[in-house]
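Just below is one structure, and these are the notes that go with it.
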Number of protein chains: 2
Amino acid sequence: MKYTEAKSDLIQAWGNLGYSWGLNKVMAQIHALLMVSAKPLSADEIMDELKISRGNANMNIRALLEWNIIYRISVPGERKEYFKAEKDTWVLARQVAKERRKRELEPILKTLKNVSAVENDGSEETKEFKKVVKELKGFAEKSDSLLDTFIKAEESWFWSTIMKVFK
Amino acid sequence: MKYTEAKSDLIQAWGNLGYSWGLNKVMAQIHALLMVSAKPLSADEIMDELKISRGNANMNIRALLEWNIIYRISVPGERKEYFKAEKDTWVLARQVAKERRKRELEPILKTLKNVSAVENDGSEETKEFKKVVKELKGFAEKSDSLLDTFIKAEESWFWSTIMKVFK
DNA sequence: TTAAATTTTCAATATTTATTGAAAGTTTAT
DNA sequence: ATAAACTTTCAATAAATATTGAAAATTTAA
């Protein structure tokens with residue numbers, strides 16, 4: 001298989017995976033491109049490789065910076081900014097987990113806490129509702145601590161040992 | 001807080017979470033509605049509660065059935081079909097993990113395997129590419145076995161014990 | 001059978017989300 | 001200061017996705 005074909009296949013596939021991780025397609029593609037690139041790339045190079053507009057490139061680069069999964073690089077003597085990806089997949093996964101926890105889990109935990117306070121009118125509906133909310137809350141809290149553990153796994157001897165089982 | 005308000009808040013919030021799990025909004029809302037409902041509901045009741053069309057209801061119910069997170073219920077003497085949700089959150093999470101593994105992880109593993117076969121022309125690009133692909137492959141495989149372990153966790157003494165730590 | 005009840009399909013339409021590109025803004029070298 | 005290099009913004013537009021609803025298909029009771 002030729003390099004250029006392999007590269008575009010990988011960018012495509014990583015784009016799809018990233019999409020299902022909550023990034024958008026172009027964000028994920030830019031990330032993939034920076035992943036496989038030996039050198040940091042400028043916005044122009046990214047636009048060129050992925051055939052996207054300047055505005056699109058700019059917005060998605062910014063989003064990736066916000067997610068902390070790519071970094072801004074300054075080359076001395078050069079005016080342009082360059083970007084490189086976080087290439088350590090575990091750091092990457094941790095970073096994504098952190099963002100998603102903030103964006104997804106925190107809101108549902110808040111809602112579950114709110115709706116727990118539903119007034120018990122003695123009806124079967126209310127009874128069932130309370131039961132389900134309690135179950136969901138337990139689940140969300142467990143997910144939250146699992147995620148938290150994962151995010152902090154690097155620092156934990158126990159978990160980093162467990163993780164090694166999966167080599 | 002009133003029951004009807006709590007219910008619609010929960011459906012809304014669960015809809016958002018489900019969306020980020022790879023379901024679509026209405027799918028997730030139907031699931032939420034069936035979660036909190038004490039009795040199985042018919043398509044008409046779902047249409048009515050969520051204010052969606054028959055076609056929409058039908059399609060999303062079918063999708064939920066495909067994901068195996070709601071069940072078809074027949075009431076003797078009734079012509080209509082009823083639906084109820086899987087209410088055990090761990091079964092639910094496992095089912096979702098299973099689907100996503102199939103839909104997301106399997107394709108990227110396939111691509112990574114393919115692009116590994118890129119021909120080494122000795123250039124720096126190719127060298128870096130091969131390195132990154134190897135790293136990604138290792139990561140994807142580990143994720144795969146983690147997921148697999150999670151999916152099968154119920155049967156495993158070791159993991160069900162570990163899980164209990166998160167109560 | 002027939003026909004009423006129910007479910008499914010799908011072309012048309014509406015809604016949401018992503019993308020463009022040119023203008024405005026910012027930074028830096030001289 | 002000026003202007004070139006570069007980045008950001010955002011209204012307009014395009015593309016993707018979701019939704020409707022009426023017609024077709026299917027199921028069931030009598």
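Below, chains carry the letters A, B, ... as their sequence lines are ordered, and counting in each starts from 1. What you see is a predicted model; the values in this text were computed from it and never measured.
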Query - Sidechain-backbone polar pair: A:K87 side chain, A:M35 backbone, donor-acceptor under 3.5 Å - result: yes
Query raised in the report: Just by distance, do the side chain of B:E45 and the backbone of B:S42 share a donor-acceptor pair under 3.5 Å?
Result: yes
Query raised in the report: Would you say the ring centroid of B:F83 lies under 6.0 angstrom from that of B:Y71?
Result: no
Could you state the atom-to-atom distance from [atom1] of [X] to [atom2] of [N] in whole Å?
X	N	atom1	atom2	answer
A:F83	D:dC6	CZ	P	13 Å
A:D44	D:dT8	CG	P	12 Å
A:Y82	D:dA5	OH	C1'	12 Å
B:L23	D:dT17	CG	C1'	16 Å
A:M27	C:dT17	CE	P	16 Å
B:M47	C:dT8	CE	C1'	13 Å
B:I46	C:dT8	CD1	P	12 Å
A:R72	C:dT27	CZ	P	11 Å

Report task. Using a strict 4.0 Å threshold on nitrogen-to-oxygen distance, state whether A:K2 and B:E119 make a salt bridge. Result -> yes
**Report entry** With A:D148, the salt bridge (charged side-chain N to carboxylate O under 4.0 Å, His left out) member among A:R94, A:K142, A:R101, A:K98
**Finding:** A:R101
Requested in this report: Might you work through the salt bridge (charged side-chain N to carboxylate O under 4.0 Å, His left out) test for B:E49 and B:K7, ending with a clear yes or no?
Outcome: CA-CA 11 Å; B:E49 284 256 19; B:K7 186 172 165 187; 2.9 Å; yes
Are there any protein N/O atoms within less than 3.5 Å of an N/O atom in nucleotides 19-24 of chain D, and if so, which ones and at what distance?
| from | atom 1 | to | atom 2 | distance (Å) |
| --- | --- | --- | --- | --- |
| D:dT20 | OP2 | B:S53 | N | 2.8 |
| D:dT20 | OP2 | B:S53 | OG | 3.2 |
| D:dT20 | OP2 | B:N56 | ND2 | 3.1 |

**Report entry** Base of D:dT28 paired with side chain of B:R79 (donor-acceptor, under 3.5 Å)
**Finding:** yes
**Report entry** Polar side-chain contact B:R62-C:dT8 base: donor and acceptor under 3.5 Å
**Finding:** no
Report task. Would you tell me if any nitrogen or oxygen in the side chain of A:N58 comes within less than 4.0 Å of OP1 or OP2 on D:dT8? Result -> yes
Please tabulate, one pair per line, all N/O donor-acceptor pairs under 3.5 Å involving side-chain atoms of residues 11-23 of chain A, not counting sequence neighbours.
| from | atom 1 | to | atom 2 | distance (Å) |
| --- | --- | --- | --- | --- |
| A:W14 | NE1 | A:H31 | ND1 | 3.2 |
| A:S20 | OG | A:L17 | O | 2.7 |
| A:S20 | OG | B:E104 | OE1 | 3.2 |

